[in-house]
Amino acid sequence: MGIPVGQNMFTQPENNGWVRTLARFGFAAKGLVYVLIGALSLQAAFSGGGRTAGGHEAVGVLGEQPFGQALLIVVGIGLLGYALWREVLALKDPGHVGHDAKGKAERVGWAASGVISAGLAITAFQLALGRGGGGGDGSRTWVGKVMEQPFGGVLVGVAGLAVIAVAVQQLRKAMKSRFARDLSTQAMSPPERTWVFRMARIGLVSRGVVFGIIGAALIKAAITHDPGQSKGVGEALSTVAASPFGTMLLVLVAAGLCAYGVYMFFCTKYSKLAHPAA
């Protein structure tokens, strides 16, 4: 039996309840990782001697907590759920973004986001099993491997441009509140709506800044053919810290990433799921 016109896999809970559950669980896991990234980087800013953090460092901190192994497994499952949801969005297009150039670009971005989340989930599982999970130089590793291929430098440059495009998209979503289209705002109380919008705007701006730095670093790596020029989230935050007024800017960006994490927690309840709200 087919799905009626106007409906999709995300509006048929009897057909996809497990996908919906995993997706919402994934929002919570992603939110926790972002809160930790922001908190660790805030600690670095205020201590003056600490180190900014990316996803790998944030997951590592989870493993150091009481019941750390269980936490890592739970977060790993959540991140895998988020990755699966992103791949479903990319392949099935329940939000009907279409097959034109813009729609295809969005779907490729969702697929890439799913791969990144899956990689972080694998890191969590590896740490839970006591096998280590790699370091914060994961971006340099994959950039180096790509550069070894024919036209590798071109591919890395294109990836850099794509990341910058995502950064611009994040900023536009923040400024124009486009994220609201993908949330069940009618189900929110007025105070909830106020806080959701605040956290989303602040968080998306901070993500835009971080992604912009990562994209620019990829382009520089492509031009110099030097994988060492690439940056992950932690290195991008270090770049912010090294800039003029770096401590103040790092505090603002790190606090924004914490806000983005809180926004992800809201998405566990209010995301419509047929289209990314971030």
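What you are looking at is a predicted structure, and each value in this text was computed from that prediction instead of being measured.
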Original post:
Taking only residues two or more places apart in sequence or in another chain, which ones pass side chain to side chain donor-acceptor pair (under 3.5 Å) with E192?
Top reply: S189, Y270
**OP:** Using the test side chain to side chain donor-acceptor pair (under 3.5 Å), find all partners of T268 that sit at least two apart in sequence or belong to another chain.
**Re:** none
Original post:
Where the side chain of E57 meets the backbone of G54, is there a donor-acceptor pair that is under 3.5 Å apart?
Top reply: yes
Original post:
Excluding sequence neighbours, so at least two apart, what forms ring pair (Phe, Tyr, Trp, His ring centres under 6.0 Å) with F197?
Top reply: F179
**OP:** For the residue pair S238 and T52, confirm or rule out a side-chain donor-acceptor distance under 3.5 Å.
**Re:** yes
Name all residues meeting the side-chain contact (heavy atoms from CB on, under 4.5 Å) criterion together with [X]; count only those two or more places apart in sequence or in a different chain, and write none if there are none.
X	answer
S243	L249
A112	none
A222	V156
R178	R172, K173, K176, R181

Original post:
Going by side-chain heavy atoms closer than 4.5 Å, which hydrophobic residues are tied to L80, directly or by a chain of links?
Top reply: F25, I73, V74, I77, F125
Original post:
According to the side chain to side chain donor-acceptor pair (under 3.5 Å) rule, which pairs have a member within residues 68-82, sequence neighbours left out?
Top reply: K30-Y82, Y82-R86
N/O donor-acceptor pairs under 3.5 Å from side chains in residues 201-220, not counting sequence neighbours:
from: R201; atom 1: NE; to: S177; atom 2: OG; distance (Å): 3.2
from: R201; atom 1: NH2; to: S177; atom 2: OG; distance (Å): 2.7
from: S206; atom 1: OG; to: I202; atom 2: O; distance (Å): 3.4
from: S206; atom 1: OG; to: V253; atom 2: O; distance (Å): 3.3
from: R207; atom 1: NE; to: Q170; atom 2: OE1; distance (Å): 3.1
from: R207; atom 1: NH1; to: Y34; atom 2: OH; distance (Å): 2.9
from: R207; atom 1: NH2; to: Q170; atom 2: OE1; distance (Å): 3.3
from: R207; atom 1: NH2; to: Y260; atom 2: OH; distance (Å): 3.3

